[in-house]
Amino acid sequence: MSNPSLLILPGDGIGPEVMTQVKRIIDWYGEKRDLAFDVSEDLVGGAAYDKHGVPLSDETMAKAQEVDAVLLGAVGGPAYDDLDFSVKPERGLLRLRKEMDLFANLRPAQCFDALADFSSLKKELVAGLDIMIVRELTSGIYFGEPRGIHIEDNMRIGVNTQRYTEAEIERGARAAFELAMKRDKKLCSMEKANVMESGILWRDVVTEVHADYPEVELSHMYADNGAMQLVRAPKQFDVIYTDNLFGDILSDCAAMLTGSLGMLPSASLGLPMANGRPKAMYEPVHGSAPDITGQGKANPIACILSFAMALRYSFDEGAEADRLEAAIEKVLADGARTGDLMGPEGGTPLSTVEMGDVILAALDASL
Ligand code: NAD
C-alpha cells in the first residue's frame with residue numbers, strides 16, 4: 001500500500017520557520033514509527049504571488065485536491081497589504097477552503113497544565129480544559145445573498161443575509177456528532193433560535209441528526225449565553241457545534257482561554273474522498289507574525305499540534321497523535337518556553353529550532 005500523501009504549504013512570514021520543525025517531526029514518524037508520508041511542498045499566499053502573480057496557482061490547487069491532507073503554515077505580511085483584493089495572500093487560503101469544500105472547522109481549546117497561568121481566567125477554571133468547537137465554515141451570513149451596501153430614501157443601507165439549508169446544517173452536525181462519539185459524548189449546539197428563523201431550523205436539524213447518535217448527550221444553548229458560559233465555566237463543554245458567524249467569535253473567545261496564539265491548531269474538514277478520508281487542511285490559528293519573522297523566535301507548537309490533528313482525523317493514528325501531544329505536554333511541564341510563553345518570572349527563551357529539538361527528544365524518550 002502506498003504511503004499517505006501530504007501537501008505542505010509553508011506560506012509567508014514565520015510559516016516556513018514553524019513548518020521546518022513540523023517536517024522534522026514528520027521525518028521522525030517515518031524513521032521511528034514506520035509511519036512514512038509522501039510529502040510534497042508548494043507555495044501559497046505572498047510566496048505564490050511573488051512567483052506566479054496569484055496567491056494560489058491552479059497547479060497547487062489541483063495538488064491539494066489529490067492529496068490525503070494539506071498542512072498550511074500562514075499567509076500574509078506587510079509587503080502584500082496594498083495588493084488588489086483579488087490577489088491578496090488570504091485569497092489563496094479562501095480558495096483552498098472553498099474549492100475543497102471544507103465545511104467543518106475544528107478549533108480545539110486545550111489548556112496544558114503548565115500554561116494555565118497564561119489564561120485570563122483563574123487557573124482552576126482552565127487547568128485541564130479540553131473543548132472542541134466545530135464551526136460551519138462555508139455558508140451562513142458571510143456568504144448569503146443578498147448582500148451589499150445600497151441607497152434607499154437617501155440613506156445608505158448595509159445588508160448581509162444569514163441563510164442555511166438543512167443539508168448544510170446536517171453535514172456539519174454529523175461531523176460534530178462523530179467527534180463527540182470519539183470524545184466525552186457531549187454536544188452543545190449554539191444558535192439564536194429565540195430571535196432568528198435560521199436558528200430555529202438549526203435547532204430542529206441538529207435534533208433530527210441526534211436520532212442517529214443516541215449515545216451522545218445533546219444540549220442546545222443560545223449563542224450569547226454560550227459566550228457567557230465559556231468564560232464562566234468552560235469545562236462544562238466537550239464539543240460545541242455552531243454556525244459560521246457565532247463560531248468565528250466563540251472559537252476566538254475559547255482559544256484565548258488557553259493563553260498564547262502560538263499554541264493553537266485547527267483543522268478544516270470536508271466530505272470523505274474515495275479512500276474514506278475526509279478532504280482536510282490543517283493549519284495553526286496564528287498568522288505570519290511579521291514582527292518576529294526571521295528571528296528564530298516563533299513558537300512552532302501550534303503548527304506541530306496541527307500535524308497531530310492530521311494524524312488523528314485524516315490518518316486514524318490517534319495513539320500517535322496522543323504521543324505527540326504528550327511530548328509537547330512533557331516539554332512544557334519541564335519548563336521549555338519560546339518567547340511568547342515567557343511568564344513574569346523570566347528566563348531564557350528557546351528558539352524555534354530549540355523547541356523542535358526538545359520535542360523530538362521527548363518523542364525519542366516516549367519509545
Ligand atoms: P499574527 O497571528 O501573525 O500575530 C499576532 C501576534 O502574535 C504578533 O505579535 C506575533 O508575533 C504573535 N505570534 C503569532 N504567532 C506566533 C507564534 N507562532 N509564536 C510566537 N508569537 C506569535 O496576526 P497579525 O499580526 O494580526 O497578522 C499578521 C499577518 O498575518 C497579516 O498579514 C494577516 O493578514 C495574516 N494572518 C494570516 C492568518 C493565516 O494565515 N491563517 C491568520 C491571521 C492573520
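In each ligand, atom 1 is the first atom listed, and ligand 1 is the first ligand listed.
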Enquirer: Can you tell me the protein heavy atom closest to atom 16 (C) of ligand 1 and the distance?
Expert: I14 CD1, 3.9 Å
Enquirer: List every atom of ligand 1 that sits less than 4.0 Å from any heavy atom of E90, numbering the atoms from 1 in the order shown and giving each element.
Expert: 33 (C), 34 (O)
Enquirer: In the protein, which heavy atom is nearest to atom 11 (O) of ligand 1, and how far is it?
Expert: D291 OD1, 2.8 Å
Enquirer: Heavy-atom count around E145 CD within 6.0 Å, excluding the residue itself: above 12?
Expert: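 More than 12 within 6.0 Å, yes.
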Enquirer: Against heavy atoms of L93, which atoms of ligand 1 measure under 4.0 Å?
Expert: 41 (N)
Enquirer: Number the atoms of ligand 1 from 1 as they appear, then name those within less than 4.0 Å of a heavy atom of A74, with their elements.
Expert: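 Within the 4.0 Å cut-off of A74, ligand 1 contributes 40 (O).
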Enquirer: In terms of side-chain heavy atoms, does S314 have a donor or acceptor partner in D68 at a distance below 3.5 Å?
Expert: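 No, D68 and S314 have no side-chain donor paired with an acceptor closer than 3.5 Å.
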Enquirer: Polar contacts were defined as any N/O atom of the residue lying under 3.5 Å from an N/O atom of the ligand; does this apply to V18 and ligand 1?
Expert: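 In this structure, V18 places no N or O atom under 3.5 Å from an N or O of ligand 1.
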Enquirer: Mind checking the CZ-CG spacing from R135 to D248? Nearest 0.5 Å is all I need.
Expert: 4.0 Å
Enquirer: Determine whether D357 and R24 satisfy the following criterion, salt bridge (charged side-chain N to carboxylate O under 4.0 Å, His left out), listing intermediate values before the conclusion.
Expert: CA-CA 9 Å; D357 291 343; R24 295 173 73 197; 2.7 Å; yes
Enquirer: Evaluate the ring planes of F177 and Y213, with Trp represented by its six-membered ring, and classify them as parallel (under 30°), tilted (30 to 60°) or perpendicular (over 60°).
Expert: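 Rings of F177 and Y213: parallel, under 30°.
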Enquirer: Should A302 be listed as contacting ligand 1, given a heavy-atom distance under 4.0 Å as the test?
Expert: no
Enquirer: Nearest protein heavy-atom contact for atom 29 (C) of ligand 1: which residue, which atom, what distance?
Expert: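 The answer is S288 OG, 3.2 Å.
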Enquirer: For K32 and L367, indicate whether the former's side chain and the latter's backbone hold a donor-acceptor pair under 3.5 Å.
Expert: no
Enquirer: Looking at A298, which atoms of ligand 1 are within less than 4.0 Å of one of its heavy atoms?
Expert: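 Those atoms are 19 (N).
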Enquirer: If the threshold is 4.0 Å, N to carboxylate O, is there a salt bridge linking K88 and D84?
Expert: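 Looking at D84 together with K88, the answer is no, because their closest N to O distance does not fall below 4.0 Å.
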Enquirer: Between W202 and F246, is the ring centroid distance below 6.0 Å?
Expert: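 Distance test on ring centres: not under 6.0 Å, no.
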Enquirer: Nearest to atom 18 (N) of ligand 1, what protein heavy atom do you find, and at what distance?
Expert: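 It is N299 O, 3.0 Å.
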Enquirer: Do me a favour and list the nearest non-hydrogen protein atom to atom 7 (O) of ligand 1 with residue, atom name and distance?
Expert: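 Sorting protein heavy atoms by distance from atom 7 (O) of ligand 1 puts L261 CD2, 3.7 Å first.
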Enquirer: Give a yes or no on this: more than 12 heavy atoms of other residues, nucleotides or ligands lie within 6.0 Å of atom CD of E166.
Expert: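 No, because the 6.0 Å sphere around CD of E166 holds 12 heavy atoms or fewer from other groups.
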Enquirer: What is the nearest protein non-hydrogen atom to atom 22 (C) of ligand 1, stated with its residue, atom name and distance?
Expert: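 Protein heavy atom at minimum distance: I292 CD1, 4.1 Å.
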Enquirer: Per the salt bridge (Lys or Arg N to Asp or Glu O under 4.0 Å) rule, which among R183, K186, K182 passes with D238?
Expert: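 Exactly one candidate clears the test, R183.
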Enquirer: Would you say A289 and ligand 1 have an N/O pair spaced under 3.5 Å apart?
Expert: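 Right, the criterion is met.
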Enquirer: Using a 6.0 Å distance limit plus a 45 degree cone around the ring axis, check whether R171 lies over the aromatic ring of F103.
Expert: yes
Enquirer: Identify the protein heavy atom lying closest to atom 14 (C) of ligand 1, giving its residue, its atom name and the separation to 0.1 Å.
Expert: H286 CB, 3.7 Å
Enquirer: Can you check whether K297 has an N/O within less than 3.5 Å of an N/O in ligand 1?
Expert: no
Enquirer: Where's the contact between P290 and ligand 1, heavy-atom distance under 4.0 Å: side chain, backbone, both or neither?
Expert: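 It is the side chain that touches ligand 1; the backbone stays farther off.
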Enquirer: Under 3.5 Å, is there a donor-acceptor pair linking the side chains of T60 and H52?
Expert: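 Side chains of T60 and H52: no pair found under 3.5 Å.
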Enquirer: Among L269, L324, L106, exactly one meets side chain to side chain contact (heavy atoms under 4.5 Å, CB included) together with M309. Which residue is that?
Expert: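 The residue from L269, L324, L106 that satisfies side chain to side chain contact (heavy atoms under 4.5 Å, CB included) with M309 turns out to be L106.
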Enquirer: Just which atoms of ligand 1 are under 4.0 Å from any heavy atom in G262?
Expert: 17 (C), 18 (N)
Enquirer: Any ion pair linking K297 and E17 (charged N to carboxylate O, less than 4.0 Å)?
Expert: no
Enquirer: For ligand 1, note which part of L72 has a heavy atom under 4.0 Å away: side chain, backbone, both or neither.
Expert: neither
Enquirer: Taking atom 34 (O) of ligand 1 as the reference point, report whether a protein heavy atom occurs under 4.0 Å from it.
Expert: yes
Enquirer: Test of understanding: given a 4.0 Å heavy-atom threshold, classify the contact between V75 and ligand 1 as side chain, backbone, both, or neither.
Expert: both
Enquirer: Are any of the N/O atoms on G77, whether in the backbone or the side chain, positioned under 3.5 angstrom from an N/O atom of ligand 1?
Expert: yes
Enquirer: Within the 4.0 Å heavy-atom shell around G76, which atoms of ligand 1 are there?
Expert: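 Checking each atom against G76, I get 32 (O).
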Enquirer: I'd like to know if the side chain of T161 and the backbone of P146 have a donor-acceptor N/O pair within less than 3.5 Å.
Expert: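 Yes: the side chain of T161 pairs with the backbone of P146.
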Enquirer: Closest non-hydrogen protein atom to atom 2 (O) of ligand 1, residue and atom name please, with distance?
Expert: G287 N, 2.7 Å
Enquirer: With the threshold set strictly below 4.0 angstrom, can you tell me whether any protein non-hydrogen atom sits that near atom 27 (O) of ligand 1?
Expert: no
Enquirer: Is there a nitrogen or oxygen of D81 sitting under 3.5 Å from a nitrogen or oxygen of ligand 1?
Expert: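 Among all N and O atoms of D81, none is under 3.5 Å from an N or O of ligand 1.
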